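Working notes, structure below.
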Amino acid sequence: MTNEEVAAALHEIGDMLDILGEDRFRVVSYHRAARAIEGLTTDVADLASEGRLGDIPGVGSAIADKITEFVTTGRIAYHEELKARIPAGVLELLQVRGIGPKKVQVLWQQLGITDLATLEQAAKHRRLRRIKGFGEKTEANLLKAIGTYRQGQSRALLWDAARVVDALRAHLEAHAPVARLEAAGSFRRMRETVGDVDILVTTPDVRSVMRAFTSFRDVKQVYSEGEIKSSVLVDYAGYDGARHLLQVDLEILDADSWGAGLQYFTGSKDHNVHLRSMAVDQGLKLNEYGVFRGEHTLAGASEEDVYRALGLPWIPPELREDRGEIEAAQRGELPDLVKPSDIRGDFHVHTNATDGTEPLEAMVGAARALGYEYVGISDHSPSAVVAFGLTSEQALAQRDRIRELNRDLKGFTVLVGTECDILEGGAMDYPDEVLKEFDYALASIHSKFTVPRKEMTARVVAAVENPYVNVLAHPMARLIGSRDPIEIDFDAVFAACARTGTAVEVNAGPTRMDLTGPQARAAKAAGCVLTVDTDAHGGPELGAMRFGVGSARRGWLTAADLVNAWPLERVKPFFR
DNA sequence: GCCGTTTTCGGCCCGACTGTTTTCAGTCG
């Protein structure tokens, strides 16, 4: 039973209670518990068997009992009862934008609509407008929304979201007087994927900003357009080359409530709920316009002011998930998070010797241009056939070429690395006598992704125990949107890494983002050091470092925790 | 349904926007 399956069941219970018109706080409780479980780095099944479900914030005795029932029997009787009351297709109606629990209820009870296809037919045949609360416009909007839903809108890669933000920023600044502009939401918190983008603006000319926003060339649909808030659907070309859709909201803020608005729209929801309840406890009120005591405004212009008014230091956006950051802030124990400028190099870089697109010299030049002190070249090993992995001889020849190149470089060092496959039984793809010829070796999984959890754990632990393996690269081995993470016991893997002095990688490749922030935090807690690498296959991809640093910050990591924030003279002995 | 160095009961965020409506309910974030 995976955490995702448990979370999905709880979300579904919440949705069904919502449709049935249950108390909204009960509904919220199920969703909040589900979100908390999605954010866990330990198996909820393990917590259940240890009787520690109550440790999860938002999980009380009722939900804990249901989780225990689920992981032991594979079902939740209460969930089954609800499913028996609500036709299967009704739940899906909730996914359509513009349809909430009340409309679902009306459609189902009054028109007997229990699935998407029937709803579409009813809208097409103008049968919805007969119901109170529905009209011509609602029918048209629903047809559009059903179409959008069918296109399957998934979360955007952080890399792609950044490009959309950049394009919109350039467009808005070119067409309207923009004083300040910041993308908030999960983008600012640097989540690995982004559900929608919230752009905040201050401007002396609200109308022209709004007009520029809704007339951006890639806007496919305008959901709403108000005086201070608009919402659109943007079409973009993704990293994968396909077209995707992303919702973008624009909010106009006043300069004197900029900080409160930025805080509010950055979230997360759970962080904000926690802050608001703190405010209430202090006799204060916190909303998107400021911190207030009665009619008196205490803060609003800057985020620092808002947090200070609540008795807290400013909390970096990447930490705002209500996972202990508020308590840490109260104790004055927020970590001094790693910054992009702390990064001195990148250990995971490919060239056209294997599946990269640019030659060694170009990748080295691109790394130098970023102001790094060193870069490690880590092309593939022979078993990575699709990636044109290097034979031992080819790898040694590349090593000699790099040694040669280093002679001409001043104030910059190229390290000879490899990304060596972990084979099925846990053996490395190069023999030890070849591995020891590299300055360092990354170990990673590129095949046999579906072996059972126990075997997979033993396989990776064996690799980590190889004395020539220095970094466990992209530990989940997932590709966002196309390949699920491997099943593995990360507690055991991190313990092995800590024991053997093997660094754990936070891979910033746009489709990898592996580890996630919370996993990186768990690795550190297990005693590991980490690296943030881009896995770049071309020069521009070296720029993904900022997203990897974002994940590291989400993992509460400091510069001291990251090998590639260390000076070279400290890196070298670590790798040997 | 969750939560509690003020509470084991009574709180739990609320404002913008839309569409249908003659004053407001539903959805969304």
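No experiment lies behind these values; they were computed from the predicted model shown. To find a chain, count down the sequence lines: A is the first, B the second, and so on, and within it residues start at 1.
Of the two residues contacting DNA chain B, namely A/Lys229 and A/Asp196, the nearest-nucleotide position lying further toward the 5' end is that of A/Lys229. Comparing A/Gly226 and A/Gly133 by the nucleotide of DNA chain B whose heavy atom lies nearest to each, the residue mapping closer to the 5' end is A/Gly226.
For A/Asp46 (side chain) and A/Ser49 (main-chain N/O), no donor-acceptor pair under 3.5 Å exists by modelled atom type. For A/Ser268 (side chain) and A/His271 (main-chain N/O), a donor-acceptor pair under 3.5 Å exists by modelled atom type. Checking side-chain atoms of A/Asp305 against main-chain N and O of A/Ala299 turns up no donor-acceptor pair under 3.5 Å. At distances below 3.5 Å, not a single donor-acceptor pair connects side-chain atoms of A/Ser551 with backbone N or O atoms of A/Thr516. Remark: side-chain polar atoms of A/Arg320 are paired, donor with acceptor, to backbone N or O of A/Ile315 under 3.5 angstrom.
If you measure from atom CE of A/Met210 to atom P of B/dA16, you get 12 Å, rounded to the nearest angstrom. Distance A/Leu275 CG to B/dC12 C1': 16 Å, rounded to the nearest Å. As a whole-Å value, the separation of A/Leu284 CG from B/dC14 P is 14 Å. Put simply, NZ on A/Lys132 is 12 Å from C1' on B/dG26, counting in whole angstrom units. Atom CG in A/Leu250 sits roughly 14 Å away from atom C1' in B/dG29 (whole-Å rounding). One atom, CG of A/Leu233, and another, P of B/dG29, lie 12 Å apart when rounded to the nearest Å. One atom, NZ of A/Lys102, and another, C1' of B/dT27, lie 10 Å apart when rounded to the nearest Å. Between the P atom of B/dG1 and the CG atom of A/Leu20 lies a distance of 13 Å, rounded to the nearest Å.
Comparing the same atom, C1', in B/dC3 and in B/dT8 gives a spacing of 10 Å after rounding to whole Å. Separating the P atom of B/dC13 from that of B/dT18 is a span of 25 Å, rounded to the nearest Å. Atom name C1', nucleotides B/dA16 and B/dG10: the rounded distance is 29 Å, in whole Å. Spacing between B/dC12 and B/dC17 at atom P, rounded to whole Å, works out to 25 Å. B/dC24 and B/dT20 are spaced 9 Å apart, taking the C1' atom of each and rounding to whole Å. For the C1' atom pair drawn from B/dC14 and B/dT5, the interatomic distance equals 29 Å after rounding to whole Å. Here the separation of B/dT22 from B/dG15, taken at their C1' atoms, is 23 Å to the nearest Å.
Contact annotation: A/Lys66 side-chain N/O to B/dG1 OP1/OP2 distance is under 4.0 Å. In terms of phosphate contacts, A/Tyr289 brings a side-chain nitrogen or oxygen within less than 4.0 Å of OP1 or OP2 of B/dA16. Listed pair A/Ser231 / B/dC17 fails the phosphate criterion, with no side-chain N or O lying under 4.0 Å from OP1 or OP2. In terms of phosphate contacts, A/Arg97 brings a side-chain nitrogen or oxygen within less than 4.0 Å of OP1 or OP2 of B/dG29.
Nearest to the side chain of A/Ala62, among B/dC28, B/dG1, B/dC14, sits B/dG1. For A/Gln247, counting side-chain heavy atoms from C-beta on, the closest listed nucleotide (B/dG29, B/dG1, B/dA16) is B/dG29. Checking B/dC13, B/dC2, B/dC17 against every side-chain atom of A/Val273, the shortest atom distance belongs to B/dC13. For A/Lys103, counting side-chain heavy atoms from C-beta on, the closest listed nucleotide (B/dG1, B/dG26, B/dG15) is B/dG26. With B/dG19, B/dC12, B/dG15 as the choices, the nucleotide that has an atom nearest any side-chain atom of A/Lys285 turns out to be B/dG15. Minimum atom distance to the side chain of A/Phe25 is reached by B/dG1, of the listed B/dT20, B/dG1, B/dT18. Among the nucleotides B/dG1, B/dT18, B/dG15, the one closest to the side chain of A/Arg26 is B/dG1. Of all nucleotides listed (B/dG19, B/dG1, B/dC2), B/dG19 comes nearest to the side chain of A/Asn141. Here the side chain of A/Glu225 is nearest to one of B/dT18, B/dG19, B/dT27, namely B/dT18. Set against B/dG29, B/dC2, B/dT27, the side chain of A/Pro101 has B/dT27 as its closest nucleotide.
Taken to the nearest 0.5 Å, the CG atom of A/Leu111 stands 10.5 Å off from the OG1 atom of A/Thr118.
We find that A/Asp270 and A/Arg32 are not joined by a salt bridge, their nearest charged nitrogen and carboxylate oxygen being 4.0 Å or further apart. A salt bridge is defined here as a Lys NZ or Arg NE, NH1 or NH2 lying under 4.0 Å from an Asp or Glu carboxylate O, and A/Glu5 with A/Arg75 fails to meet this definition.
Using a 4.0 Å heavy-atom distance criterion, A/Phe134 is classed as a sugar-phosphate-only contact. Within 4.0 Å of A/Ser61, counting heavy atoms only, lie sugar-phosphate atoms of the nucleic acid but no base atom. Residue contacts for A/Ile99: at a heavy-atom cut-off of 4.0 Å it reaches the sugar-phosphate backbone alone, with no base atom in range.
Of all nucleotides present, none satisfies the Watson-Crick or G-U wobble test against B/dT8 with each distance under 3.5 Å.
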